[in-house]
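Numbering of residues begins at 1 and proceeds along the displayed sequence. Computed from a predicted structure; not experimentally measured. The analysis underlying the following values was restricted to heavy atoms, covering all of them including side chains, and did not include hydrogens, waters or symmetry mates.
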Amino acid sequence: RSIPFSVAAGATQALLAGQSSAAFQTGTTEGTITFTVSTTSALAGDPSAKLVIPGTSVIIDSASASKARDGFLDIQIAGADNTYSAGSMAFAFFDASGRALTNASADFSAAFKSYWANVNSAGSGFSAVISFPVTGSVANINSVTVTITNGAGNASTASLTFY
């Protein structure tokens, strides 16, 4: 991408397309963006600047929990992973008084890797539904917290009440 710029004689600031600033979108992927000044005039110093977008733990945009389907607990999470390395998830289930009932974990690394290999234009966004089959009553199961791990760290949902 490029944007025309001009520098008036004696000025200390360039104008970008006639403006003192320009907006650009970084997207949702870690990496480095390099800005380079290109001109036919001689330049002193390095004509480029780098902006590093660091990897971050998963960004959870929304999460919900449902026991609307008979025999299942469904958890839906939408978010982004700019490292493309999401993998393990840990689930902690609680009763209505907040007492821990059970924990579960699973490694979804292969599923995330396959997903991102097939949706290049989607950036690092994802939507996942995790279903737990339950034998017997789900009446005592009230809420869950989910922790997702990627190469940059962990991210956790708030307590999600099953509706």
What pair of heavy atoms forms the shortest contact from [X] to [Y], and how long is it?
X: Ser66; Y: Ala68; result: OG-N, 3.0 Å
X: Thr83; Y: Ser85; result: OG1-OG, 2.5 Å
X: Phe132; Y: Ala104; result: CE2-CB, 4.0 Å
X: Gly153; Y: Ser57; result: C-CB, 3.9 Å

Given side chains that start at C-beta, do those of [X] and [Y] come closer than 4.5 Å, heavy atoms only?
X: Ile77; Y: Ile75; value: yes
X: Thr145; Y: Phe94; value: yes
X: Pro54; Y: Glu30; value: no
X: Leu160; Y: Ser64; value: no
X: Val138; Y: Leu73; value: yes

Do [X] and [Y] belong to the same hydrophobic cluster, where Ile, Leu, Val, Met, Phe, Trp and Tyr are linked whenever their side-chain heavy atoms lie under 4.5 Å apart, directly or via other members?
X: Ile53; Y: Phe24; value: yes
X: Val146; Y: Val58; value: yes
X: Ile3; Y: Leu43; value: yes
X: Val144; Y: Val134; value: yes
X: Val129; Y: Phe112; value: no

What distance separates [X] [atom1] from [Y] [atom2], expressed to the nearest 0.5 Å?
X: Asp61; Y: Ser127; atom1: CG; atom2: OG; result: 10.0 Å
X: Thr147; Y: Phe91; atom1: OG1; atom2: CZ; result: 9.0 Å
X: Phe162; Y: Ser143; atom1: CZ; atom2: OG; result: 7.5 Å
X: Ile148; Y: Thr157; atom1: CD1; atom2: OG1; result: 8.0 Å
X: Gln76; Y: Ser131; atom1: CD; atom2: OG; result: 9.5 Å
X: Lys50; Y: Thr34; atom1: NZ; atom2: OG1; result: 3.5 Å

Between Arg69 and Asp74, does a salt bridge (Lys or Arg N to Asp or Glu O under 4.0 Å) hold up when you go through it step by step? CA-CA 8 Å; Arg69 288 192 313 145; Asp74 295 322; 2.7 Å; yes

Consider only side-chain N and O atoms of [X] and [Y], and report whether a donor and an acceptor are under 3.5 Å apart.
X: Asn82; Y: Ser124; result: no
X: Ser88; Y: Asp107; result: no
X: Asn140; Y: Asp95; result: no
X: Thr149; Y: Asn154; result: yes

Report the C-alpha separation of Ile33 and Phe35 in whole Å, then their side-chain angles, then the decisive distance to 0.1 Å, and conclude whether the side-chain contact (heavy atoms from CB on, under 4.5 Å) test is met. CA-CA 7 Å; Ile33 298 173; Phe35 297 94; 3.9 Å; yes

Donor-acceptor contact below 3.5 Å, side chain Lys113 vs main chain Tyr84: no

Test side-chain contact (heavy atoms from CB on, under 4.5 Å) on Asn103 and Phe93 and set out the steps. CA-CA 6 Å; Asn103 295 320; Phe93 295 90; over 6 Å; no

Around atom CG of Asp46, are there more than 12 heavy atoms of other residues, nucleotides or ligands at under 6.0 Å? yes

